[in-house]
Amino acid sequence: MAPAPSIMPTGPIGSLARPIQSVVARGIHASGKIAGPVCLVLLSLLLQGCTRPSVHEPVTLTLLDQEWTTKTFSERRQEELQQFTRETGIRVKLLPSPEAIREQLIFWRESLARGASGPDVYGLDVIWPGTLAEYFMDLKPSFANEISAHFPAIVTSFTVDNKLVALPYHANVGLLYYRTDLLRQYGYAAPPRTWHELENIAARIQAGERAKGKKEFWGFVWQGAAGEALTCDALEWQASEGGGQIIEEDKTISVNNPHAIRAWQRAARWVGSISPPSVVGYKEWDALNAWVAGDAAFMRSWPIAYVDSQAAGSPIKDKFDLALVPGGRAGHVGALGGIGLAVSRSSAHPREALELVRYLCSRNVQLQRSRILSEPPTLPELYELPELLKPNPRYALLSQAFRTGIVSRPSNITGKKYEAVADAYIQAVHSVLTGQKSAPEAAAVLESELVRITGFKTGPPPAGISNETATGSSVFVH
């Protein structure tokens with residue numbers, strides 16, 4: 001059998017040549033920072049011709065989108081932009097961006113700080129509003145009638161001090177992918193409901209598959225590299241056990257508690273047992289490559305992974321399904337992700353930019369996007385449509401997750417300090433996973449560091465399940 005193809009993102013594409021994107025990549029130093037001069041020169045080149053047109057020239061907007069995409073997603077986005085131009089006469093130039101989220105944030109911040117008239121519309125990660133809110137228009141007055149149609153939790157994540165910084169564009173939540181064929185083969189009628197069940201099932205399937213000669217087969221793959229994805233994974237582990245949200249909504253630093261510590265310790269035991277030793281270096285694409293190759297029984301990932309898992313030629317096509325992330329004493333929770341669209345306060349074309357945001361986030365465009373790409377919409381109403389549920393039966397599960405089973409990172413609570421907060425959290429958890437520190441030691445050091453960064457008080461997490469989390473159930477969604 002030929003080896004499964006390695007899946008890699010193609011990066012954003014548009015009307016710009018690939019060499020320009022390479023300039024962006026080369027301008028990113030090993031430290032993770034983009035060279036300032038490269039950013040300024042590149043942005044100036046990209047925005048030429050996008051200034052305010054004469055009365056006879058059509059308006060050209062510039063869109064800087066945050067998401068990392070595959071070729072299929074990029075082609076669909078281009079179709080959406082072309083249709084927008086046909087309907088409105090407004091042209092849209094899609095700008096390339098760095099691939100990694102931290103590099104994107106640096107690029108966005110430098111671009112916005114210049115105060116130039118473009119880009120006009122920015123794609124914002126769900127954790128960025130608290131950091132970048134000052135640079136964008138308040139969308140609440142322009143979208144008063146549309147806001148209530150989106151999932152409330154997603155709208156809340158894009159709201160800072162009662163200002164709607166971005167309109168929900170893509171919805172994302174952490175999920176568990178599992179091999180249906182292997183579960184049936186080893187006598188399991190349903191996916192694991194708890195982390196304890198996951199450990200046991202993963203270990204049994206891994207042992208069985210290795211006995212058949214599959215020496216590189218693992219029970220569970222996830223994102224263990226020292227990056228933002230680890231924040232999401234670890235937050236799911238600890239929040240599901242009642243270990244809190246790192247920093248609570250009342251600005252209490254709660255991370256140094258027994259439930260969070262036990263959750264970290266449990267994950268550290270996975271490394272080298274049901275997960276490969278190299279999982280501590282896995283990013284999203286590393287876990288996805290192992291999963292699609294058929295080398296894992298379970299994977300924690302995002303809804304977008306469904307597309308590559310089910311693609312023609314995938315070794316696991318029609319052999320997997322999705323469930324809520326396993327739960328603990330406080331229930332099932334998946335980390336909230338997603339992208340919103342924001343309009344720059346410096347845009348030379350604010351009216352047209354608002355039209356673009358309204359179009360890309362509209363019901364009809366999201367419906368078409370879901371039909372073609374199976375991408376989860378941000379509108380609850382669409383999850384009830386038979387025309388979407390029939391080809392996407394997992395939408396029932398996703399709707400449940402977005403309504404009742406999410407946990408948010410403390411990005412809006414900490415504002416511009418979130419990057420430092422996340423860095424400290426990531427390093428603490430990663431040090432436990434790699435065995436450099438014990439979980440109690442790492443939690444204590446982290447608590448002191450978060451006090452230094454934020455000035456917030458310390459205390460225990462709230463008892464029970466907060467309004468950000470809720471119990472759920474893992475179900476088959478065939």
Student: About how many Å separate CG of Asp423 and CD of Glu228, when rounded to the nearest 0.5 Å?
Tutor: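 So the CD of Glu228 and the CG of Asp423 are separated by 8.5 Å.
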
Student: Just wondering, do Thr131 and Ser411 contact through their side chains at under 4.5 Å, heavy atoms?
Tutor: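 Ser411 vs Thr131: side chains apart.
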
Student: Looking at Ala260, is its backbone amide N or carbonyl O close enough to the side chain of Asn257 to form a donor-acceptor pair, meaning the two atoms are under 3.5 Å apart?
Tutor: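 Side chain of Asn257 to backbone of Ala260: a pair is present.
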
Student: Where is the tightest heavy-atom contact between Ala296 and Arg179, given as atom of each residue plus distance?
Tutor: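 In this case the closest contact between Ala296 and Arg179 is O-CG, 3.6 Å.
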
Student: Within the side chain of Ser240, is there an N or O that forms a donor-acceptor pair under 3.5 Å with the backbone of Glu236?
Tutor: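 Here the side-chain-to-backbone pair exists.
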
Student: Measuring from Ile339:CD1 to Leu124:CG, what's the distance to the nearest 0.5 Å?
Tutor: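 It is 9.5 Å, given to the nearest 0.5 Å.
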
Student: When you measure from the side chain of Tyr383 to the backbone N and O of Pro377, does any donor-acceptor pair fall under 3.5 Å?
Tutor: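 Present.
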
Student: Please round to the nearest 0.5 Å and tell me the distance separating atom CD1 of Ile274 and atom CD of Gln206.
Tutor: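 Those atoms lie 7.5 Å apart.
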
Student: Counting N and O atoms only, with roles assigned by atom type, does the side chain of Arg204 sit under 3.5 Å from a partner on the main chain of Tyr186, one being a donor and the other an acceptor?
Tutor: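 Yes, the answer is positive, given that a donor and an acceptor are paired below the 3.5 Å cut-off.
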
Student: Which value, rounded to the nearest 0.5 Å, describes the distance between Ile247 atom CD1 and Tyr418 atom OH?
Tutor: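 Rounded to the nearest 0.5 Å, the CD1-OH separation comes to 9.5 Å.
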
Student: Taking all atoms of both residues into account, what is the closest heavy-atom pair of Ala239 and Val407, and its distance?
Tutor: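 Here Ala239 and Val407 meet closest at CB-CG2, 4.0 Å.
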
Student: For residues Val325 and Trp195, determine if any side-chain heavy atom of one lies less than 4.5 Å from a side-chain heavy atom of the other.
Tutor: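 The answer is yes, as the side chains (C-beta and beyond) meet within the 4.5 Å cut-off.
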
Student: Tyr122 pairs by side-chain hydrogen bond (donor to acceptor under 3.5 Å, both in side chains) with which of Ser97, Ser111, Ser344?
Tutor: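 With Tyr122 as partner, side-chain hydrogen bond (donor to acceptor under 3.5 Å, both in side chains) holds for just one option, Ser111.
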
Student: Assess the residue pair Leu450 and Phe456 against the criterion (side chain to side chain contact (heavy atoms under 4.5 Å, CB included)); give the C-alpha distance rounded to whole Å, side-chain angles, the decisive distance to 0.1 Å, and a yes or no.
Tutor: CA-CA 8 Å; Leu450 294 183; Phe456 296 163; over 6 Å; no

Student: Would you say that Val255 contacts Gln238 through its side chain, given a criterion of any heavy-atom pair below 4.5 Å between the two side chains?
Tutor: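 Yes, their side chains come closer than 4.5 Å.
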
Student: Atom CZ in Arg409, atom CG in Asp125: separation rounded to 0.5 Å?
Tutor: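 Interatomic distance, Arg409 CZ to Asp125 CG, rounded to 0.5 Å: 6.0 Å.
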
Student: In the structure I gave you, are the side-chain heavy atoms of Gln366 and Leu388 within less than 4.5 Å of one another anywhere?
Tutor: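 No; the side chains remain at least 4.5 Å from each other.
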
Student: Can you check side chain to side chain contact (heavy atoms under 4.5 Å, CB included) on Tyr178 and Ile201, steps first, answer last?
Tutor: CA-CA 11 Å; Tyr178 63 95; Ile201 297 174; over 6 Å; no

Student: Going by an N to O cut-off under 4.0 Å, is there a salt bridge joining Arg76 and Glu375?
Tutor: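 No.
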
Student: For Ser314 and Ser309, indicate whether the former's side chain and the latter's backbone hold a donor-acceptor pair under 3.5 Å.
Tutor: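 Such a contact is found between Ser314 side chain and Ser309 backbone.
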
Student: Can you tell if the side chain of Leu324 reaches within under 4.5 Å of the side chain of Leu176, non-hydrogen atoms only?
Tutor: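 When only atoms from C-beta onward are counted, Leu176 and Leu324 do not touch, as no gap falls below 4.5 Å.
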
Student: Do the ring centers of Trp218 and Trp270 come within less than 6.0 Å of each other?
Tutor: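 That pair fails the under 6.0 Å test.
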
Student: Could you walk me through whether Ser301 and Trp291 pass the side-chain hydrogen bond (donor to acceptor under 3.5 Å, both in side chains) check?
Tutor: CA-CA 10 Å; Ser301 194; Trp291 164 255; over 6 Å; no

Student: I'd like to check the side-chain contact (heavy atoms from CB on, under 4.5 Å) partners of Glu197; sequence neighbours left out, ordered by chain and number.
Tutor: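 Partners of Glu197 under the side-chain contact (heavy atoms from CB on, under 4.5 Å) test: Pro192, Arg193, Thr194.
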
Student: Between Asp138 (side chain) and Lys163 (backbone), is there a donor-acceptor pair under 3.5 Å?
Tutor: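 A pair under 3.5 Å: no.
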
Student: Go through the structure and list residues passing side chain to side chain donor-acceptor pair (under 3.5 Å) with Gln265, not counting sequence neighbours.
Tutor: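 Once residues adjacent in sequence are excluded, Gln265 has no partner under the side chain to side chain donor-acceptor pair (under 3.5 Å) criterion.
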
Student: Hey, is Arg109 close enough to Glu419 for a salt bridge, meaning N to O under 4.0 Å?
Tutor: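 Salt bridge present between Arg109 and Glu419.
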
Student: Short question: side chain of Lys140, backbone of Asn162 - any donor-acceptor pair under 3.5 Å?
Tutor: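 Looks like yes, one N/O pair under 3.5 Å.
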
Student: Under the side-chain hydrogen bond (donor to acceptor under 3.5 Å, both in side chains) definition, can you give me all pairs with a residue in residues 272-282, not counting sequence neighbours?
Tutor: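 Every side-chain hydrogen bond (donor to acceptor under 3.5 Å, both in side chains) pair that includes a residue of residues 272-282, provided the two are not neighbours, is Trp222-Ser275.
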
Student: Give the C-alpha distance, both sets of side-chain angles, the deciding distance and a yes or no for side-chain hydrogen bond (donor to acceptor under 3.5 Å, both in side chains) between Thr180 and Asp321.
Tutor: CA-CA 6 Å; Thr180 52; Asp321 217 324; over 6 Å; no

Student: Do Leu167 and Phe158 have side chains that approach each other closer than 4.5 Å (heavy atoms only, starting at C-beta)?
Tutor: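 Of all side-chain heavy-atom pairs linking Phe158 with Leu167, none is under 4.5 Å.
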
Student: Report, as yes or no, whether the 6.0 Å neighbourhood of atom CG on Asp181 holds more than 12 heavy atoms from other residues, nucleotides or ligands.
Tutor: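 For Asp181, atom CG is crowded (more than 12 foreign heavy atoms under 6.0 Å).
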
Student: For Leu230 and Ala226, work out which heavy atoms get closest and say how close.
Tutor: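 Heavy-atom minimum between the residues: CD2-CA, 4.5 Å.
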
Student: Run Tyr177 and Tyr306 through ring-ring contact (aromatic ring centres under 6.0 Å, His included) and show every step you take.
Tutor: CA-CA 9 Å; Tyr177 285 69; Tyr306 183 91; 7.3 Å; no

Student: Flag the pair Glu80 and Arg77 as a salt bridge only when some basic side-chain nitrogen lies within less than 4.0 angstrom of an acidic carboxylate oxygen.
Tutor: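 No, this pair does not count.
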
Student: Do Arg369 and His170 come within less than 4.5 Å of each other through their side chains, counting heavy atoms only?
Tutor: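 With C-beta onward as the side chain, the pair touches.
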
Student: Are Ser254 and Gln245 close enough, and set up right, to give a side chain to side chain contact (heavy atoms under 4.5 Å, CB included), and what steps lead you there?
Tutor: CA-CA 7 Å; Ser254 63; Gln245 298 172 236; 5.8 Å; no

Student: Decide yes or no for Asn172 and Pro303: does some side-chain heavy atom of the first lie under 4.5 Å from some side-chain heavy atom of the second?
Tutor: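 Side chain of Asn172 against side chain of Pro303, heavy atoms only: contact under 4.5 Å found.
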
Student: Check whether Asn412 reaches the backbone of Pro129 with its side chain - one donor and one acceptor, N or O, closer than 3.5 Å.
Tutor: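 No, because the side chain of Asn412 does not come within donor-acceptor range (under 3.5 Å) of the backbone of Pro129.
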
Student: Name the one of Ile316, Asp318, Val292 that satisfies side-chain contact (heavy atoms from CB on, under 4.5 Å) with Gln310?
Tutor: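 Testing each of Ile316, Asp318, Val292 against Gln310, the sole residue satisfying side-chain contact (heavy atoms from CB on, under 4.5 Å) is Asp318.
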
Student: State whether the side chain of Ser399 and the backbone N or O of Ala396 hold a donor-acceptor pair below 3.5 Å, judged by distance alone.
Tutor: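 No; zero donor-acceptor contacts below 3.5 Å.
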
Student: Is there a side chain to side chain contact (heavy atoms under 4.5 Å, CB included) between Ile101 and Ile127 once you walk through the steps?
Tutor: CA-CA 10 Å; Ile101 187 171; Ile127 59 173; 4.2 Å; yes

Student: So, does His259 use its side chain to make a donor-acceptor pair with the main chain of Gly244 at under 3.5 Å?
Tutor: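 No, because the side chain of His259 does not come within donor-acceptor range (under 3.5 Å) of the backbone of Gly244.
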
Student: Quick one: NE2 on His332 to CG on Leu175, what's the gap to the nearest 0.5 Å?
Tutor: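 It comes to 12.5 Å.
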
